[in-house]
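Proteins come first, then strands; the chains are lettered A, B, ... in the order of their sequence lines, and each starts at number 1.
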Amino acid sequence: MWAPTIALVGGGTGLVGDPSGKTEMRKLLTVEDVAANVVGLKNQLARFIDFSNDRAIMVNNADWLTQLAYIPFLRDIGRHFSVNRMIKAESYKMRLDSEDGLSFIEFNYMVLQAYDFLELQKRYNCCLQMGGSDQWGNIVAGIDLIRRVDGQSAFGITFPLITTASGAKMGKTAAGAVWLDPERTSTYDYYQFWVNTDDRDVGRFLALFTFLPMDEIEGVERLEGADLNAAKSILAYEATRLAHGAEGALAAYQSAMAMFGNRSIPTRLLPSSSIPRDVADVADETVPQMEMDIDIFKAGIPCFKLFHQVGLTESSGAARRLLQQGGGYINGCRPEAFDQLITTNDIKDMELVLRAGKKHFFKIRIKN
RNA sequence: GGUGGGGUUCCCGAGUGGCCAAAGGGAACAGACUGUAAAUCUGUCGGCGAUGCUUCGGAGGUUCAAAUCCUCCCCCCACCA
């Protein structure tokens with residue numbers, strides 16, 4: 001019989017910090033920060049794992065780790081660990097060789113994670129741990145510990161960390177990291193992140209990040225060049241649907257069409273996707289936007305200031321450079337000068353669409 | 001605790017009294033080319049309505065002039081204990 005899936009949140013180990021694969025010690029998080037992260041993680045996970053009817057459960061290792069007493073822990077658990085073997089682990093190697101070294105607190109991480117496995121085995125009869133490939137050493141340490149303490153067998157599976165075709169780790173984008181939380185990465189940006197996928201990654205990402213049938217995805221592998229763009233739309237739509245819900249995905253899709261122009265999606269391409277094939281009414285409500293009072297434009301405002309104010313650039317100096325280099329557009333036109341005054345004459349249909357570069361849009365809605 | 005070496009702009013890393021907002025590389029952004037792709041080439045890359053202002057771990061000091069010299073403090077690394 002299957003035990004429920006257990007999602008383990010690291011409220012306890014998060015207080016310590018995992019040195020695996022890191023070249024330097026990460027800043028220690030405060031207890032409050034870790035607690036806040038745990039809450040955030042729970043919300044994220046709930047989108048991907050079904051916790052209803054205890055089909056899956058979520059546990060926080062802070063529940064047992066923070067209760068541990070040092071001496072008993074050393075005597076019961078610590079004695080099973082060989083330092084000689086630990087320092088040979090790949091996850092510590094990098095740090096052992098580095099200038100920064102490895103602090104004792106981080107050295108303990110493996111012990112704690114191994115203990116987690118033991119604890120889960122005892123509490124829930126858990127015998128299989130899954131994780132990213134950087135967790136290999138930690139998982140194996142847990143398997144070992146369970147065998148030594150209980151004589152039981154336990155197992156582990158790891159999967160490779162995903163990189164893009166250009167070699168970068170997943171999760172970085174123009175504006176910085178991509179977050180699952182809509183508060184940190186808007187639905188629009190999240191969708192755009194996926195649309196901008198490298199050609200070479202489209203098929204692989206469809207397989208990894210959507211639940212579309214593999215035989216349909218195989219069809220995508222044969223596409224080339226611009227034909228892939230429709231597949232990218234579907235990838236973005238499906239990935240956004242999973243992380244932000246169907247409504248958000250649809251809105252982001254429509255926003256993209258409003259800003260970048262319609263893109264027809266062939267009916268035969270990935271037919272299992274629920275992305276709308278017939279383009280009907282196009283809304284753009286997820287495009288970053290704000291309201292501004294019309295008085296501002298009656299007086300006129302230099303356009304570089306406008307770019308800075310809406311957050312399209314980080315400073316007004318950057319806005320000035322952007323405009324001077326021809327990277328800024330207002331309603332699709334390049335201003336004559338970086339400090340050209342934007343007035344009511346520039347407003348069309350009570351809106352103003354600013355654009356930085358090819359793909360960063362911002363819409364200003366004018367309010368009387 | 002002792003000895004020695006370090007902390008430079010997002011990251012790596014030059015710079016040991018003026019020519020330094022600070023080489024070079026990476027990342028990033030923009031332009032050209034394109035397909036909201038990649039590669040390539042070019043430009044930009046601390047802030048400010050700007051021939052001036054604030055930066056080089058922190059606080060003082062010397063000097064006409066300090067990232068560079070001096071003093072104290074904080075942090076990191078190596079070896080020793």
### Query
Rounding to a whole Å, what distance do you find between A/K358:NZ and B/G35:C1'?
9 Å

### Message
What contact category does A/T313 fall into here, base, sugar-phosphate, or nothing, at under 4.0 angstrom with non-hydrogen atoms?
### Response
nothing

### Query
Is the distance from OP1 or OP2 of B/G49 to the nearest side-chain N or O of A/S316 less than 4.0 Å?
yes

### Query
Between A/Q192 and A/R334, which has a closest nucleotide on RNA chain B that is more 5'?
A/R334

### Message
With the threshold set at under 4.0 Å for non-hydrogen atoms, list the residues of residues 318-325 of chain A touching RNA chain B in residue-number order.
### Response
A/R320, A/R321, A/L322, A/Q325

### Query
Within the structure shown, what part of the strands sits under 4.0 Å from A/G357 by heavy-atom distance: base, sugar-phosphate, or nothing?
sugar-phosphate

### Task
Please tell me which of the listed nucleotides, B/U36, B/G35, B/A38, lies nearest to the side chain of A/R200?
B/A38

### Task
Strictly below 4.0 Å, heavy-atom distances to any atom of RNA chain B: list the hits from residues 298-311 of chain A, or just say none.
A/P302, A/K305

#### Entry: Side-chain-base donor-acceptor pair under 3.5 Å for A/D227 and B/G35
no

### Query
NA contact type, A/R355, heavy-atom cut-off 4.0 Å: base, sugar-phosphate, or nothing?
nothing

### Message
In this structure, is the centre-to-centre distance between the rings of A/Y188 and A/F361 below 6.0 Å?
### Response
no

### Message
Heavy-atom nearest nucleotide on RNA chain B for A/Y329 versus A/F338: which residue maps closer to 5'?
### Response
A/Y329

### Task
Tell me whether the OP1 or OP2 atom of B/C48 has a side-chain N or O from A/S315 closer than 4.0 Å.
yes

